[in-house]
Asker: 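My questions will all concern the structure given below.
Remember, predicted model here, so these are calculated numbers, not experimental data. The figures that follow rest on heavy atoms only: side chains count, while hydrogens, waters and symmetry mates do not.
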Amino acid sequence: MAPKVLMVAEKPSIALSIASALSGGQMSSRRGSTEVHEFDGTFLGFSAQYKVTSVIGHVFSVDFPAAYQNWTATDPLDLFDAPIVKSESNPKAHICRHLSQEARGCGHLVLWLDCDREGENICFEVMECTGFHAKDGKRVYRARFSSVTEKDILKAMNNLVEPNKNEALAVDARQEIDLKVGVSFTRFQTSYFNGKYGNLDSRVISYGPCQTPTLGFCVQRHLQIITFKPEKFWKLHPYILHRGYELKLEWNRNRLFDSDVTEMFRNLIKEDGILKVIAISEKQESKSRPAGLNTVNLLKVASSALGFGPQLAMQLAERLYTQGFISYPRTESTAYPSSFDFRGTLRALDNNPEWQEYVQKLLADGYVKPRSGNDAGDHPPITPMRSATQEMLGHDAWKLYQYVCQHFLGTLSPDSKYTRVKIEFAVAGELFHCIGHRVTVKGFTSIMPWLAVSEKSLPQFAEGEKIEISRIEVDEGNTQPPDYLTESELISLMEKNGIGTDASIPVHINNICERNYVQCIDPDLCLPDIRSFIEQQITLVAKGQADHSLVVEHVIKQFKRKFSYFVKQIENMDALFEAEFSPLSDSGRLLSKCGKCLRYMRYISTQPSRLYCGTCEEIYYIPQKGTIKLYKELTCPLDNFELLIFSMPGPEGKSFPLCPYCYNSPPFEGIETLFGAAKTGSTVEPGKGAGMPCFLCPHPTCQHSMISQGVCACPECNGTLELDPVSAPKWRLYCNMCNCLVFLPEGAHRISTTRDHCPECDSTIIEVDFNKKTTPLKDGGTLHVGCVLCDELLHSLVVMKHGKSFSRHRGRGRGRGRGRRGGRGRGSRKQEDPKMSFHGF
DNA sequence: GCAAGGTC
């Protein structure tokens, strides 16, 4: 009995094409999980019984075992070291059982899977199902083909090779890495944010090494747009009437960013009023015909010119391919193999009325060899394989097919050539010009008319000729931010960065469309390199240069470390989410202008309370548990942020100014104590709600700093007593370290610090402007200047309030070593002087 | 409820 040969394709339509080609249409077909086509023929010189069937893409996909499927019971971190299992992608289809049954009694297996890495991996899935890998006497062959045409199929049949294990292993590696990284991050961040915000769709907040960088491209452009600062500009355009033409001239300066200067030029030109032709030049230019068409370029044209999204475009292309109208539509190459049969392909299009004339002209006059292009080593560029009409294909598929044909004919056509004429003019020392185009050779633009150079004819000019200006126009405009990424630009970026494959790019774009951006904790996770890194690692496996398990282990270890860091930093992401998703709830009021973008920031009252600058996408924490308001409209001299006044709760709660930026990023080194920091904590990093208010700021001249507002040493601790600037009329000093309070003369109009110091105790001299009616001054005057400790009048009016500890520690304050380094600013040089205390208290 | 890669 003749030996039986089982052949397996990647999808049913290809199995049908292969069987038809090899049997000359003389086969019998029966249904199964997928159709099986049977016929007799010869195999390797012997007569054989053929069975051709197919899988439906991958037979298996990887997942975690059942024990890891519970989201709450499994720590996502454990997923990195979890085992993975392969199970059937589509259990209901019973593909594995089908293959196993069909393989029974077959001595040869021919693998007709698509010729890419994934196809190679599916080869091994098929071998596993059929039990072909290990059995003696059973032979496995790989058919390599790049279009489903009879010619290519027969050629592949006569050049059978072996499947490539390393390429398959590279795909195994990718599957494991993508699964572990994607699922762990997705589960963690989804669980963390689940139900946290009313208007955040938190059912799934996914992360993936392809989808996230894709989203990142869009977000990056979004940020460029919202931070764009438009600038006004002006352009001068003189007009002339010349030999029946009205011409608008372009300024050699193009545009100016100063309206006065533009006006000055306009006046100069108007006064003169006569243009002189100073140069006439002609240049031959050419526009190149396209290189061969690859998938990405097809998707771009489909999106920008045909209005088909990538998803639809690929479906249409896929159908055209399986029906034999075009070659394999997934290719990176734009270069044709040297053996490519251009003449044959042209002849195949010859009978099509759509471009019959054009094709016949190319065949008769001789076609141009296509541009060299890029040979990615995969499949030839996408080309038409046979003629079709709109009736055969339907509207959309026809449009795409039509483009493939036009592009192909374009690649074999001459470049387009045109003459560029430039006339240059001078007036009042300024230069202007106009440009005309005269097409001399249409070339490929006859078949791709949308790429044609537009004709613009100019009247005759003579050098030295003088022409009167009919009017001058001043065009005013604004510089424009870049546009949002077009789908076509996004595809280019993905292609350039190796994100997704030609088949999966459309899927990723679809996936991110409805998801919200997350500001990354670890930018690496959103950057395009993440995919190239994985690709580069698994390519080592594909080429047999590295061991599969070692590569997987190495990559997983790196991602596991990133994951741990991500978990630690998740609160930063939360802060941004809160700002984004509940800005209008209870307390999203605008407060304080950002010093960087000069736009109002938003105050988020829920703890930890903070400011959020929507433009800069920055969070600024503020002190917790108190009230916050704008401090007049004062700004920080260091960073231009608007200052705030924070008031601690209760009648004795101190109030103090702070700069949102300095509070979070203290501008001076050596700030050991931060306001709001845990007393025991050894950290000096500003954290949520802890930071440097103005009362800790050592700025030497800012009127709000510790240096300016500090009055004297605190009797209770190492801190400095500073003037509470908003405590009128109950003026007071408060300690910048403890809760010590000192009440100053009540009812004063104004109390402020001066730049002078008490010669006796080095305290800051204060200036008091008493109320006219209640002034204690004997002469009835209101202004008094003195030291709060040494001036008898002031001293008598001062009341210290510090609860129990004041009486308990009474008298002990004197002579204590206070005044930590710089604690009183200017007083530090005498910090051990016993007079620098509240003697007499 | 998760990834990305096939194909339906």
Asker: Where along residues 8-20 of chain A does a heavy atom come under 4.0 Å from DNA chain B, residue by residue in number order?
Answerer: A/E10, A/K11, A/P12
Asker: What's A/D114 touching, base or sugar-phosphate or nothing? Going by heavy atoms closer than 4.0 Å.
Answerer: sugar-phosphate
Asker: Any side-chain N or O of A/H58 under 4.0 Å from OP1/OP2 of B/dA4?
Answerer: no
Asker: What's A/T190 touching, base or sugar-phosphate or nothing? Going by heavy atoms closer than 4.0 Å.
Answerer: base
Asker: Round to a whole Å and report the spacing from CG of A/D116 to P of B/dG6.
Answerer: 6 Å
Asker: According to ring-ring contact (aromatic ring centres under 6.0 Å, His included), does anything in residues 141-175 of chain A pair up with another residue at least two apart or in another chain? List the pairs.
Answerer: A/F43-A/Y141, A/H108-A/Y141, A/W112-A/F145
Asker: Is any side-chain nitrogen or oxygen of A/T501 closer than 4.0 Å to OP1 or OP2 of B/dG6?
Answerer: yes
Asker: Which of these, A/E120, A/E162, A/R142, sits in a side chain to side chain contact (heavy atoms under 4.5 Å, CB included) with A/L111?
Answerer: A/R142
Asker: Hey, could you give me each pair passing side chain to side chain donor-acceptor pair (under 3.5 Å) that has a residue in residues 5-24 of chain A? Not counting sequence neighbours.
Answerer: A/K11-A/E318
Asker: Give the ring-plane orientation class for A/F340 versus A/F408, where under 30° counts as parallel, over 60° as perpendicular and anything between as tilted.
Answerer: tilted
Asker: Looking at B/dA4, I'd like to know if its phosphate oxygens (OP1 or OP2) sit under 4.0 Å from a side-chain N or O belonging to A/R117.
Answerer: no
Asker: With a non-hydrogen cut-off below 4.0 angstrom, is A/V62 in contact with a base, only sugar-phosphate, or nothing?
Answerer: base
Asker: Choosing from B/dG5, B/dG1, B/dA3, which nucleotide comes nearest the side chain of A/V204?
Answerer: B/dG1
Asker: Base, sugar-phosphate, or nothing for A/I56, non-hydrogen atoms under 4.0 angstrom?
Answerer: base
Asker: Using whole Å, what does the distance between atom C1' of nucleotide B/dC2 and atom CZ of A/F566 come to?
Answerer: 14 Å
Asker: Consider only side-chain N and O atoms of A/T72 and A/R187, and report whether a donor and an acceptor are under 3.5 Å apart.
Answerer: no
Asker: Can you check the A/E118 CD to B/dA3 P distance for me, whole Å?
Answerer: 16 Å
Asker: Whole angstroms only, please: what is the CG-P distance between A/L113 and B/dG6?
Answerer: 12 Å
Asker: What is the nucleic acid contact for A/E176, judged by heavy atoms within less than 4.0 Å: base, sugar-phosphate only, or nothing?
Answerer: nothing
Asker: If only side-chain N and O atoms of A/R330 are considered, is one of them under 4.0 Å from the OP1 or OP2 phosphate oxygen of B/dT7?
Answerer: yes
Asker: Let me know which of A/T214, A/D178, A/T212 forms a side chain to side chain donor-acceptor pair (under 3.5 Å) with A/R531.
Answerer: A/D178
Asker: Determine, answering yes or no, if A/W71 is stacked on B/dG1 under the 5.5 Å centre rule and the 30° plane rule.
Answerer: yes
Asker: Determine: side-chain N/O of A/Q175 to OP1/OP2 of B/dA3, distance under 4.0 Å, yes or no.
Answerer: no
Asker: Given atom CZ of A/R531 and atom C1' of B/dA3, what is their separation to the nearest angstrom?
Answerer: 9 Å
Asker: To the nearest angstrom, how far is A/I122 atom CD1 from B/dT7 atom C1'?
Answerer: 9 Å
Asker: Assess whether ring pair (Phe, Tyr, Trp, His ring centres under 6.0 Å) is satisfied between A/F80 and A/F563, documenting all intermediate values.
Answerer: CA-CA 9 Å; A/F80 288 98; A/F563 180 80; 5.4 Å; yes
Asker: Check every strand shown and say whether A/G119 touches a base, only sugar-phosphate, or nothing at a heavy-atom separation below 4.0 Å.
Answerer: nothing
